[in-house]
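Naming: A, B, ... by sequence-line order, numbering from 1 per chain. From a predicted model like this one, the values you see are computed outputs, not experimental measurements.
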Amino acid sequence: MQSNVSIKNLRLEYGPVAVLKDLDLDIGKGEFLVLLGSSGCGKSTLLNCIAGLLEPTDGSIFINGQNVTWAEPSERGIGMVFQSYALYPQMTVEGNLTFGLRNAKVPKDEIKRRVAKASDMLQIQPLLSRKPAALSGGQRQRVAIGRALVRDVDVFLFDEPLSNLDAKLRAELRVEIKRLHQRLGNTMIYVTHDQVEAMTLADRIAIMRGGVVLQLAAPKEIYNRPAHKYVADFIGSPAMNFLDAVIDPREPLIARAGDLAIPLEHYDFERHGHTGPVWFGIRPENLATGDAANSAPVQVDLIAELVEPMGAETLVWSTLFGTPFKLRMDGQARIEAGDVVRVGLDPKLASIFDKSDELRV
Amino acid sequence: MQSNVSIKNLRLEYGPVAVLKDLDLDIGKGEFLVLLGSSGCGKSTLLNCIAGLLEPTDGSIFINGQNVTWAEPSERGIGMVFQSYALYPQMTVEGNLTFGLRNAKVPKDEIKRRVAKASDMLQIQPLLSRKPAALSGGQRQRVAIGRALVRDVDVFLFDEPLSNLDAKLRAELRVEIKRLHQRLGNTMIYVTHDQVEAMTLADRIAIMRGGVVLQLAAPKEIYNRPAHKYVADFIGSPAMNFLDAVIDPREPLIARAGDLAIPLEHYDFERHGHTGPVWFGIRPENLATGDAANSAPVQVDLIAELVEPMGAETLVWSTLFGTPFKLRMDGQARIEAGDVVRVGLDPKLASIFDKSDELRV
Amino acid sequence: ADLEVTHWWTAGAEAAAIRVIAEAFEKTGHNWIDGAIAGAGGVARPLISSRITGGDPMGATQFTHSNAMNELIEAGYIRDVTALADAGGWREVIFPPSLLDSCTSESKLYCVPSNIHSQQWLWLNTSVFLDNGLAVPTNWPEFVAAAPKLRELGIVPLAQGRQAWQQQVTFNVLMVGLGGPETYLRVYRDHDAEFAAGPEVAEVFAAAVHARDMMVGSNVQEWNLAARMVTDGAAAGQIMGDWVQGEFEQAGKVIGTDIACLPGLGVHEYITATGDAFFFPVSSDAGTVEAQDALANVLLSPEVQVEFNRAKGALPVRSDVDISGVSPCMKRGLEILSSGNVIESVNTLVSPDTLGRVTDLVVEFFSDTSFTPEEAQEEFAKIIATAD
Amino acid sequence: MADATFTHTTPRRIWPADAAGPRPRKRFSQRNIIIYSLLAVLALYYLLPLYVMMVTSLKGMPEIALGNIFAPPTEITFEPWVKAWSTVCTGLNCDGLSRGFWNSVKITVPSVFFSIAIASVNGYALSLWRFKGANVFFTILIIGAFIPYQVMIYPMVILLREIGIYGDLSGLVLVHTIFGMPILTLLFRNYFSSVPEELFKAARVDGAGFWAIYFRIMLPMALPILVVAVILQTTAIWNDFLFGVIFSRPTNYPMTVQLNNIVNSVQGVKEYNVNMAATLLSALVPLTIYLISGKLFVRGIAAGAVKG
Amino acid sequence: MAHTVRPSRLLKNLNAKIAAVPMMLTAVVVFFGFTLWTVIFSFTNSRMLPRSEWVGFEQYERLWSTRRWLVSIENLAIYGFLMLVLSLVLGFLLAALLDQRIRFEDGFRTIFLYPYAVSFIVTGLVWQWLLDPEYGLQKAVRSLGFTSFTLDPLYDPNLVIYGVLIAGLWHGSGLVMCLMLAGLRGIDEDVWKASRVDGIPAWKTYLFIVIPMMRPVLVTTLVLVTAGIIKLYDLIIAQTGGGPGIASEVPAKFVFDAMFVSQNLAQGFAASTMMLVAVIFVIIPWAYLEFGGKKNG
Ligand SMILES: Nc1ncnc2c1ncn2[C@@H]1O[C@H](COP(=O)(O)OP(=O)(O)OP(=O)(O)O)[C@@H](O)[C@H]1O
Ligand SMILES: Nc1ncnc2c1ncn2[C@@H]1O[C@H](COP(=O)(O)OP(=O)(O)OP(=O)(O)O)[C@@H](O)[C@H]1O
Ligand SMILES: [Mg+2]
Ligand SMILES: [Mg+2]
């Protein structure tokens, strides 16, 4: 994969605090990369460095093979979309789209052509003569995307573009952005802390914490084989269940949690032969109930403490060996608080992490 | 069921605009009622009327059988929790909890007792001497709940108490509120526009639009048998699919959508023998795929246009007879954009609405 | 009792003079509370009248003789001191009697005159002329003729403060001195607008143009600073009332030799004999009334009259006191008074309003060299036409 | 954000002057040179009068007569300050500015207190209780902020006379309270409008009434705007001249009026050094307030004064 | 329970109404009543004391034929216009400079703001001295060898109002800066970023994007500055006393002098009524700008 945006050893410090810590990242041409992480982990900072809006302390940034570490934002071939839209409030939508182009002295008919194309693509033609104040949130965000679009650039940067919108609109625009990417084929770097957005949009997800990338992989991989306990916990809703377990060096293929002995011969080890205290993680949706439970390698009986019917599915909250334990059942399942549920647990679907470094074993 | 809060003919106008339109609502003792609706439908207005913070133009409000329409908020026996927490910033947590009690000249040791009980229940004891600024969002919301708790009232009012929190915290506090209700057994009226909250918390949900209640029923009922197209569309994510259909008076048990003929003999009619143009609605999760599709009464082949893997499940976006059509599949389903999927459709699980009045038929 | 006395005598010599009164007053066992208001009558008068009308009257106040007080007197704010005057036999000793007339209303007396001032004087620093081989002018035309030479020497011929009232004084001195008393009275007493537009007044305006040119370079605001220019030799002369002598003397000049004086600009030797007077706002407080009585008597006591007026450089209002030791110029003034060459002051001839308009016109005329005398006279005639 | 700007390592926004291409960073870019020199020139304009006053007030009269106003004093003397404070005369009163100073204190403290007390209650009632017709009064008040004082002075004199407090300190306090009301009310109203309404609602549910909410919830929260109001009012009242002249008697003259008197009572040579010392003395209190709490002022303005 | 019937409208929020009584009194009696009184008495021939002898528009006719009034109006117009424009420009410039994340921001801000702390009397006196040709800047520059340097606006009738303007700007621009700075800081950082990505130079961003976004601040500033301009009085008293001649007279001083010095109250009332009319003409567009588009204050 040819690399389009490449970040080497990027470091950024605010006084004594390093917000980005020698970060490396390669993003392929046409790739949709999502930067995912909780608030304050440095996602926006990284994006601003790529855009040239912040000066890194150290390291370098290449776009299309050129070192742009010190280049002006407008000269980097990037377009950017902001969470707060950042539209110019006193200009019409058309003014917003064309301000940068007019400033760069792009010929009139070229501007026209690009605006027509972008507004066509985003279906904002009827809005062109309105002011941003007269637009709904979703329309504003579309205009903000349009403003990046007319710049005709290779790399699009998005900083939580949808987090100011309500859930329904967010879902719609998410699909639009995905479609846009499919049509344009540009490189897109997208910051979010919403895992659903990350999972649905990304070709690859970079999960960040404290200024470093913990795991960089395709969504499915991240979901199924999280490399770090933090990643496992962060991705998936409700979050993964973790059981306090130990792999005894004497029987390295059995994890013991409470009075359960979980056979690991079908578990796909990352670090073969690892022993010692571990977190045994299993997703609520990977727990079998009903008939399927009885055929699972390990079985437990749980008392449903709280039942949350959510329409298409039902969440059941319980406790296992003193820690909260959730399971996800079908929406039509008839279960009530106090019922006993037999649950089947398949170690093949589990994720196990070393307790000391929290990495996958 | 004994009615605890009872609203009769409530009307509230801002100048010429009626925000609440002759609204009636009876809430039983110990019931957890959720007011659900999109922004601006009048939920907060209704709640403020109940709390006595807004003066209705007409109608009356009874709490515990007494007409409190013109009583002061503090005399109504209600406690209220706000979206923005609304903690008094210059008082400590303890000050916040006790402000109302001190105002009411409750004896010192009684105050102490109630604070101890509430802070114990909410686990905010260690925070008592801190100022709100030194608390996290979740802790603040807990204190706000505590403030209502110490008032020792029968009715709790919540105005979107969780919407300022992040998703993870929201899920946690949601469970806490549910548990609190189970322990206290108070009447709770809870405003939200988040359907997950509504579905999981409510004993009954009142779905509002434009100042009137469209449907008042238990969550399952609302999910499975929405009384109005708006309700059907509003509840469920992704939203229900709607097909443009017609029930011909000549064959009242067949709905025709595109070239499909959908037999309705197993559909549970609300208005038997209804004919004419209808919306045929079916939830994405009620569509069968794979083997199950083949045994469904109606089958269609769809082209997957966009696939959104979301971990535990996968959303597939497609088009049927010119309208967007979504299906929800298992998270491990191997499907890619462009694939053809055979989908099975069971009219028993569908909801059909008259096109003119949008009510369920 | 305490008696608050407001006045605007804040310049060096004036302050020394008021101290004489204050000390004599305190000897009577009362307490003098000084209410000095800096910035001359223009600032002080409104304060004084608004305090009286505002219901917070001072115990007594200095004021120039003018119509300004009339309305307050009519409205009953000012105490009638006729009884005191009768008891003290003021009518017999006060000279000239016109001093009392100006504050008599319906044959009741409302003020106690304290001193006489005359405004119509041109003061010249003799050494400026003599040192430069020039003769000391004896009248206005000679002074105007000497002006160009003074300019060549870098000396400002005429020093005048830029405050409005000073410019008004200057103009009206020109009116009396050059136009003579008939012109002056026809304009201000008879309000003869046609005459005011005529050739006699035109001459006054022509002279005012000379004065304007001669004033160039005297960029000071206060009259005592202008006087200082004269004593310093930076300027040759100044048109100012006789109170300016106090400043000259403080600067160590001898009036009559170092400083020459030309009453009526050496042309028409007429002077106004108006001066300052003290008014007593009506008070219901017995102590205050008593103190007012005491102050009235102190003001007119012969010792105070002599000492006060010597310090202030003014003439006493009593004809029966010893005036030996007054300057030669003052003697000249007394002679003119005795000979009856006395005219009424503009302050009593026209209302403050009319005078204010004249002042505005004159001020603008003196400061704006593009303002032609013809235009100015036309405006002037308009004001006179509506004067009251 | 200002706090972070003083460390060297703070990442800067990159500006056009930094241009394109790989290149090392410079500590003093062209842009910075322009900014700092502009700031320096402008600072000169603002500092010049203060400098001249300081320098002149420390010189003796002979040096002033000779020298250049910008030259620092060859021999520093504090005599002009002493004279201005305690001995310079207006008429027979030769106690300098000191009396005016105490008068100003006596006028300023109650005026500031009452005007802020009333205006903050107004702002609170207007923004949170919104009774019918309130906005009519508020509109009149705001228009009143523009009406030249001259229009209202004379009737004011009559009013005070009728109440019987003309010339009293209390009269002056009343005048300051009244004429300070429009801007202050606007200030407080805007500030309280930006307080989340839910807080007000919560307090009402907690059974707090009008005054309880004001004193126990709103006032403690209004600190930033109180600081602004105190600063604005203190300087405005301390610096007031017109009302001081018209509504007080000479024994009550505030410092500004006395200053004007002193500067205008010329006795012989103009004593620039004393005048400037007097001027500085009269400006000392508001200047100190600004120097001490200028930062709070700016913050308070940002917090509430700016919203339209 | 306490209220089962609807309480009377008047008694609703009783405390709030009681608390607002001082404001209502001030608004109705002082701002409305007094103004009306003044307007009414401007149609009389009151001199030193108000009296009700009606003379119609006589005072106004006389007012408009008075040179000093015309000069006052002209001066106020020049001063007002320039003060408004220049203080906004200067204030904005200062704020923009301070917003560049410079060092010593607090120091500079204090320097620009401190003149606002001193009175107009002080301001007027200081600048009177600085602009005194015998003593101030002119002399200082001349003594450096530039003997033909002239800076004596206060002694030139054509320039004096600009001399006053220098002092007025010195005094007032700091506050404008302060307000502008608050406004600038309130602008979404993302807008700056967006314009940088669009490649728009900083000055253009200020001119076309940031300034229009600061409308609320600008309106507040405009209100404060305008209200100050109309009341221009102390500064003139201290700096020029209206001179030279009547070249720096302003309406506020005209009114004061007419009422108290010339003791022609009615003339002063007429002049202040004219000021009021001018103010109303200023307020109407402002009110339109402020409240025209949107409802609800
Ligand atoms: N100007 C600054 N000075 C000091 N620290 C800063 C500054 N700006 C950001 N930071 C710190 O840098 C860290 C990363 O900030 P950044 O905005 O990149 O987070 P983020 O991942 O985008 O979070 P969010 O999801 O909340 O937007 C945070 O801990 C923040 O406190
Ligand atoms: N003070 C007011 N004046 C006029 N209209 C108002 C006022 N307050 C609210 N409204 C209108 O009343 C309607 C209902 O408002 P309300 O706050 O009850 O909505 P909501 O359902 O709580 O919405 P949200 O989910 O956004 O909180 C809205 O359309 C709103 O525009
Ligand atoms: Mg961010
Ligand atoms: Mg709401």
Side-chain angles (χ1 to χ4, degrees), chain A residues 38-39 137 163 166-172 174-179 181-182 193-202 218-224 226 233-240 283-286 305-315 317 324 326 328 330-332 334 337 349, chain B residues 38-39 137 163 166-168 170-172 174-179 181-182 193-202 218-224 226 233-240 283-286 305-315 317 324 326 328 330-332 334 337-338 349:
Chain A
S38 59
S39 189
S163 55
D166 70 35
K168 215 173 194 79
L169 209 52
R170 200 149 64 212
E172 274 173 28
R174 197 173 72 208
V175 174
E176 265 184 42
I177 290 177
K178 186 80 191 169
R179 288 215 172 106
H181 179 238
Q182 288 176 348
H193 57 236
D194 176 350
Q195 48 164 308
V196 174
E197 270 172 36
M199 295 296 284
T200 54
L201 288 171
K220 282 226 166 145
E221 167 105 6
I222 288 211
Y223 182 80
N224 291 324
D233 196 28
F234 192 81
I235 296 284
S237 167
M240 188 180 270
R283 297 202 177 275
E285 55 269 31
N286 289 343
E305 291 165 5
L306 196 86
V307 177
E308 294 196 316
M310 299 173 61
E313 74 231 359
T314 300
L315 277 190
W317 295 70
K326 294 142 280 182
R328 194 170 185 168
D330 187 72
Q332 305 301 332
R334 313 231 158 263
L349 302 174
Chain B
S38 59
S39 189
S163 57
D166 71 36
K168 220 175 191 74
R170 201 148 63 213
E172 274 173 28
R174 199 172 70 210
V175 174
E176 264 182 45
I177 291 177
K178 185 82 190 167
R179 289 212 170 109
H181 180 239
Q182 287 176 348
H193 58 235
D194 176 352
Q195 47 165 306
V196 174
E197 269 172 36
M199 296 294 284
T200 55
L201 286 172
K220 282 223 165 144
E221 166 105 7
I222 290 213
Y223 182 80
N224 291 325
D233 196 29
F234 192 81
I235 296 284
S237 167
M240 189 181 269
R283 298 201 177 276
E285 55 269 31
N286 289 342
E305 290 165 5
L306 194 84
V307 177
E308 294 195 315
M310 299 175 60
E313 71 231 4
T314 301
L315 278 190
W317 294 71
K326 295 142 279 180
R328 193 169 185 171
D330 188 71
Q332 306 302 329
R334 313 231 157 265
L349 302 174

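If you tally non-hydrogen atom pairs under 4.5 Å between each of A:Ala337, A:Ala239, A:Pro309, A:Pro324 and chain B, the highest count goes to A:Pro309. If you tally non-hydrogen atom pairs under 4.5 Å between each of A:Val196, A:Ile222, A:Val175 and chain B, the highest count goes to A:Val175.
Residue B:Met199 holds its CE atom at 12.0 Å from CG of A:Leu315, rounded to the nearest 0.5 Å. Taking CG from A:Leu306 and CZ from B:Arg174, the interatomic distance works out to 9.5 Å, rounded to the nearest 0.5 Å.
Under the rule for a ring-ring contact (aromatic ring centres under 6.0 Å, His included), the partners of A:Phe234 that lie at least two apart in sequence or sit in another chain are A:Tyr230.
For A:Ala198, no part lies near chain B; criterion is any non-hydrogen pair under 4.5 Å. With a threshold of 4.5 angstrom between heavy atoms, A:Asp194 does not approach chain B through any atom at all. When heavy atoms are compared at a cutoff of 4.5 Å, B:Pro219 does not approach chain A at all. With a threshold of 4.5 angstrom between heavy atoms, B:Gln182 approaches chain A through side-chain atoms but not through N, CA, C or O.
Taking 4.0 Å as the cut-off between side-chain N and carboxylate O, A:Glu308 and B:Lys178 do not count as a salt-bridged pair. Between B:Glu313 and A:Arg328 there is a salt bridge, since at least one side-chain N of the basic residue sits less than 4.0 Å from a carboxylate O of the acidic one.
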